[in-house]
Chemist: 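Below is a structure I'd like to ask you about.
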Protein chains: 2
Amino acid sequence: MTRMHYTRDNMAGLLRSHDINPTHQRIEIAHALFSRQEHLSADQVMAIVNTRHSETSKATVYNTLKLFLEKGLVREVIVDPSKVFFDPNTSPHHHLYEVDSGKLSDIDAEHVQISGLPPLPAGMVTEGIDLIIRVRKA
Amino acid sequence: MTRMHYTRDNMAGLLRSHDINPTHQRIEIAHALFSRQEHLSADQVMAIVNTRHSETSKATVYNTLKLFLEKGLVREVIVDPSKVFFDPNTSPHHHLYEVDSGKLSDIDAEHVQISGLPPLPAGMVTEGIDLIIRVRKA
DNA sequence: TCTGGATATTAGACAAAGTCCAGATTGGCG
DNA sequence: CGCCAATCTGGACTTTGTCTAATATCCAGA
């Protein structure tokens with residue numbers, strides 16, 4: 001994958017390619033996530049988007065993040081009981097969570113192998129596998 | 001491990017062996033979790049404990065569950081962004097989460113192998129590895 | 001250009017999970 | 001019995017997220 005700049009113009013294209021109508025607010029929110037390539041909570045997204053010029057409401061931030069999720073533009077990471085993180089990296093990967101600091105980082109799934117899992121219950125399909133390594137200072 | 005009955009008397013012993021003062025409320029809460037061998041949320045624990053005679057306050061339920069957690073009596077399972085589950089099974093195992101129904105079940109870790117993980121950051125130790133298989137109806 | 005309707009956004013009320021605190025209860029022990 | 005520490009309690013509070021009804025925006029077609 002070629003490196004690209006996460007300009008707002010490119011965001012519009014990205015949204016369109018995921019079948020999302022690229023409105024002003026959606027572009028700002030996508031830009032917040034993708035230009036940072038970081039895991040952000042809804043709160044953080046709202047803070048970032050609202051330091052820039054245009055104001056975006058809480059409802060829109062939540063609506064938009066949910067929309068991005070449905071359209072496969074971002075992934076949800078559930079590591080902290082108090083808030084959900086949104087991850088602009090949708091390629092297969094796992095997570096390393098530093099419990100003390102709350103820092104969350106990616107582990108590329110390419111070399112990780114999980115074997116010996118029992119068969120799924122009948123009529124079920126895997127929606128996703130979340131592997132979280134929780135670490136703390138020694 | 002021999003099968004045992006999770007009587008309230010046995011709960012007192014269990015608590016003591018984990019360095020927890022076995023009060024009336026704590027025994028009831030432990031009993032709720034261990035006699036069912038199920039994953040329960042704080043809400044569910046409170047509901048169960050309060051259908052029986054003695055009333056236990058919300059604060060006590062939360063305090064007690066946190067205490068059990070610190071003392072290694074239960075494990076925390078974070079799969080649902082809206083509530084934490086407490087797991088009386090502390091032996092190494094993973095989880096299967098049925099997204100639609102919210103049903104959560106155990107996967108014995110004995111035969112599951114996870115390989116190829118990168119080394120931990122310097123000065124960090126693993127606190128736990130959470131593997132969650134999210135499934136849904138086909 | 002004007003208009004209608006679909007889509008998107010908004011403020012703010014609301015809900016649910018969890019925390020916090022100051023006062024009341026309990027229980028063990030001398 | 002009376003004391004002290006540990007525990008428990010109700011209720012106010014915080015935070016994350018949802019809902020709703022009203023408004024704004026956009027665009028296609030006349």
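First the proteins, then the strands, lettered A, B, ... as listed; each starts at 1.
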Chemist: I want to verify a distance call: between dG11(D), dT16(D), dT10(C), whose nearest atom is closest to the Ala59(B) side chain?
Modeler: dG11(D)

Chemist: When all nucleic acid strands are considered with a 4.0 Å heavy-atom cut-off, which category describes Thr60(B): base, sugar-phosphate, or nothing?
Modeler: base

Chemist: Please report, rounded to the nearest Å, how far the C1' atom of dG18(C) is from the CD atom of Glu76(B).
Modeler: 12 Å

Chemist: Identify the two heavy atoms, one from Pro92(A) and one from Ala109(A), that lie closest to each other, and give their separation to 0.1 Å.
Modeler: O-CB, 3.2 Å

Chemist: Do you know which two heavy atoms are closest between Leu73(B) and Phe34(B), and how far apart they sit?
Modeler: O-CZ, 3.5 Å

Chemist: Between dT16(D), dT9(D), dT19(C), which one does the side chain of Tyr62(A) approach most closely?
Modeler: dT16(D)

Chemist: Between Met46(B) (CE) and dG11(D) (P), how many Å, whole number?
Modeler: 14 Å

Chemist: Can you see if the side chain of Asn21(B) gets near the phosphate of dT7(D) - specifically, an N or O under 4.0 Å from OP1 or OP2?
Modeler: yes

Chemist: With DNA chain D as reference, determine whether Thr23(B) or Pro81(B) sits nearer its 5' end, using the nearest nucleotide of each.
Modeler: Thr23(B)

Chemist: Taking atom CD1 of Ile48(A) and atom CG of Asp43(A), what is their separation to the nearest 0.5 Å?
Modeler: 10.5 Å

Chemist: Starting at atom CZ of Phe86(A), determine the distance to atom C1' of dG17(D), rounded to an integer number of angstrom.
Modeler: 10 Å

Chemist: Please state how far atom CG in Asn50(B) lies from atom C1' in dC8(D), giving the value in whole angstrom units.
Modeler: 13 Å

Chemist: Please give, in whole Å, the distance from dA15(C) P to Asp43(B) CG?
Modeler: 15 Å

Chemist: For Arg16(A) and dT7(C), give me the distance from atom CZ to atom C1', rounded to whole Å.
Modeler: 16 Å

Chemist: Rounded to the Å, how far apart are His24(A) NE2 and dT25(D) P?
Modeler: 11 Å

Chemist: Measure from CZ on Arg26(B) to C1' on dG27(C) and round the result to the nearest Å.
Modeler: 13 Å

Chemist: Side chain of Gln25(B) only, please: which of dG17(D), dT9(D), dT16(D) is the nearest?
Modeler: dT9(D)

Chemist: When the ring planes of His95(B) and His39(B) are compared, do they come out parallel, tilted or perpendicular, using 30° and 60° as the limits?
Modeler: perpendicular

Chemist: Name the residue closer to the 5' end of DNA chain C, choosing between Asn63(B) and Lys83(B) according to the nucleotide with the nearest heavy atom.
Modeler: Lys83(B)

Chemist: Going through the distances and angles, do Glu76(B) and Phe85(B) end up as a side-chain contact (heavy atoms from CB on, under 4.5 Å)?
Modeler: CA-CA 6 Å; Glu76(B) 209 178 20; Phe85(B) 287 95; over 6 Å; no

Chemist: Contact class for Ser41(A) vs. all strands (heavy atom < 4.0 Å): base, sugar-phosphate, or nothing?
Modeler: nothing

Chemist: Reading DNA chain C from 5' onward, which residue's closest nucleotide shows up sooner: Ile20(A) or Lys58(A)?
Modeler: Ile20(A)

